[in-house]
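To start, the structure under review is shown below, and the notes come after it.
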Protein chains: 2
Amino acid sequence: MELTNTILHLFPKLNEAISKDGINILKHSQQITIPEGTTIFHQGDQCLNYLLVIVGSVKVFTRAENGREIVLYHISSGGSCVLTTSCLISSEDYPVEGVTETDVVALAIPKPIFEQYMAESKAFRKQVFHSYGDRLIKLITLVEEISFAKLDIRLAKYLLENGSVNTPIRTTHQALATELGSAREVISRQLKEFENKGWVLLSRGKIEITNHDALANLLAH
Amino acid sequence: MELTNTILHLFPKLNEAISKDGINILKHSQQITIPEGTTIFHQGDQCLNYLLVIVGSVKVFTRAENGREIVLYHISSGGSCVLTTSCLISSEDYPVEGVTETDVVALAIPKPIFEQYMAESKAFRKQVFHSYGDRLIKLITLVEEISFAKLDIRLAKYLLENGSVNTPIRTTHQALATELGSAREVISRQLKEFENKGWVLLSRGKIEITNHDALANLLAH
DNA sequence: CACTTTTAAGTGACATTGTCACTTAAAGCT
DNA sequence: AGCTTTAAGTGACAATGTCACTTAAAAGTG
């Protein structure tokens with residue numbers, strides 16, 4: 001079955017859980033498809049499933065009272081939602097929202113099955129813990145970047161990671177501000193500066209990289 | 001035994017693990033005492049124990065290349081070190097340091113015992129997951145505060161949480177800057193402003209709160 | 001005790017980033 | 001073509017961070 005292979009490829013630990021521990025994940029979980037732009041969880045939601053993302057990407061962010069937002073991390077193929085997992089275990093509220101950025105295919109493992117797997121399979125536990133560790137590192141890295149790195153560096157990094165000379169980035173300055181935890185005007189100014197230097201070409205909803213090396217040079221220090 | 005009661009009081013989940021699941025934590029773990037100012041882990045360290053803090057406090061922080069530091073969180077009585085736990089499981093490096101802020105008494109559970117408990121006791125797993133969830137929330141809250149909250153608010157909050165009208169705070173502006181992820185000069189300026197308003201009294205290494213309500217009023221918005 | 005050294009805090013000038021109250025312009029819609 | 005919505009630009013200003021110092025308190029030392 002095609003899906004099985006995809007899943008095993010994305011979650012190597014689960015492969016072990018299935019082969020060694022006789023865990024039949026596919027049988028007891030449900031494959032779900034979620035359209036782009038769906039809020040899959042927000043503060044106060046109760047969570048009844050352990051979610052593994054097979055295809056697509058989920059944006060996890062938090063919002064200040066004044067409406068400003070910052071993206072905490074993305075869950076993409078091969079990732080799982082540790083916050084809902086925490087909910088699963090400790091039933092606490094989390095001050096964050098999760099929204100699908102693309103159409104998403106996910107595997108939902110119901111809470112009782114999740115707990116059974118946790119008890120029975122060391123490989124499954126490893127997979128779950130690994131997700132936790134990943135998120136912790138991502139969050140710590142985010143804290144570091146927010147508090148230490150200058151915006152031009154972080155912006156250049158984002159541009160290089162999300163586009164290249166022939167593949168323009170389709171996003172708004174506002175979305176970028178949210179991604180980097182800054183303000184739209186600041187991003188606009190910075191991008192304009194990059195444009196003046198001939199490093200990018202700006203148009204509504206699109207950023208084209210015109211000088212990759214110059215941007216990369218910023219990162220190199 | 002006195003220690004047993006202390007531990008069970010601090011870690012209610014472990015109580016369950018012991019009574020329900022017959023886990024003999026005290027027998028298989030070691031009580032260790034660590035003097036103040038000891039670096040208990042830093043980047044690249046390997047970790048061989050699951051650590052539960054019984055008495056005292058550990059400061060977990062990260063450092064930028066330019067030397068600036070920011071405190072990520074503190075592990076105090078009843079807390080466990082999830083980062084070393086992650087290490088325990090996934091053997092990855094974490095870009096953080098942990099230093100004891102006081103003399104610390106901790107319970108060290110060796111890796112094999114830890115894994116056995118994880119397999120055998122649901123309550124133990126809950127305890128471990130709970131720690132993870134806590135850290136995740138603390139980190140998310142930190143990200144929110146750093147990116148959204150103004151410094152005067154955060155500083156006032158810190159002062160109120162760590163001192164009162166009759167118990168002065170003994171710390172340096174530098175340590176405070178690290179705690180809040182800011183720069184010493186900025187903290188000094190802000191404190192001086194508070195002093196000019198008659199809210200605090202400053203001296204070398206000491207901050208006395210002289211107007212609790214005014215500070216609290218800042219937080220109230 | 002006077003002196004040197006170390007550590008904490010203050011200072012002013014300046015750079016970066018965030019905020020506010022707008023304006024301008026492009027893309028969609030009817 | 002004219003409206004509406006959304007994206008982006010703008011200038012003034014506030015808040016925060018950085019730098020290169022100075023000042024001063026505490027600790028160590030002969």
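Numbers restart at 1 for each chain; the letters A, B, ... are given by sequence-line order, proteins then strands.
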Which parts of nucleotides 15-21 of chain D does protein reach within less than 4.0 Å, heavy atoms only, written one letter per nucleotide 5' to 3' as B for base, S for sugar-phosphate only and - for none?
-SBBBB-

Taking only side-chain N and O atoms of S188(A), does any of them lie within less than 4.0 angstrom of OP1 or OP2 on dG9(D)?
yes

So which heavy atom on A156(A) is nearest to which on L218(A), and how close?
CB-CD1, 3.9 Å

Spacing of R170(B) atom CZ relative to dA26(D) atom C1', expressed in whole Å
13 Å

When rounded to whole Å, the CG to P distance for the pair L202(A) and dA7(D) reads 15 Å

Here's a test for you: under salt bridge (charged side-chain N to carboxylate O under 4.0 Å, His left out), which of K150(B), K138(B), K157(B) qualifies with E145(B)?
K157(B)

Validation: residues 67-74 of chain B side-chain donor-acceptor distances under 3.5 Å, sequence neighbours left out:
unit_1 : atom_1 : unit_2  : atom_2 : d
R68(B) : NH1    : S147(A) : O      : 3.4
R68(B) : NH2    : S147(A) : O      : 3.4
R68(B) : NH2    : G181(B) : O      : 2.7
E69(B) : OE2    : R63(B)  : NH1    : 2.4
H74(B) : ND1    : E101(B) : OE1    : 2.9
H74(B) : ND1    : E101(B) : OE2    : 3.2
H74(B) : NE2    : E179(B) : OE1    : 3.4
H74(B) : NE2    : E179(B) : OE2    : 2.5

Please report the closest heavy-atom contact between L151(B) and S182(B), naming both atoms and the distance.
CD2-OG, 3.8 Å

Heavy-atom nearest pair, Y132(B) first then L136(A), reads CE2-CD1, 3.6 Å

note: I146(A), atom CD1; dT17(C), atom P; distance rounded to Å ~ 14 Å

Can you check the E195(A) CD to dT10(D) P distance for me, whole Å?
11 Å

Here the distance between atom P of dA8(C) and atom CD1 of I187(B), to the nearest Å, is 15 Å

Working to the nearest 0.5 angstrom, can you tell me the gap between Y50(A) OH and Q127(A) CD?
4.5 Å

Could you label the plane-to-plane angle of the W199(A) and F194(A) rings as parallel, tilted or perpendicular, counting under 30° as parallel and over 60° as perpendicular?
tilted

When the distance from NZ of K192(A) to P of dT17(C) is rounded to whole Å, what number comes out?
18 Å

Say you draw a straight line from CD of E195(A) to CG of L201(A); how long is it, rounded to the nearest 0.5 Å?
5.5 Å

Quickly work out the I207(A) CD1 to dA8(D) C1' distance and round it to whole Å.
11 Å

In whole angstroms, the gap separating C1' of dG18(C) from NE2 of H173(A) amounts to 17 Å

Working to the nearest 0.5 angstrom, can you tell me the gap between I207(A) CD1 and L176(A) CG?
5.0 Å

Could you list, one pair per line, each protein nitrogen or oxygen that sits under 3.5 Å from a nitrogen or oxygen of nucleotides 24-30 of chain C, together with the distance?
unit_1  : atom_1 : unit_2  : atom_2 : d
dA26(C) : N3     : R204(A) : NH1    : 3.3

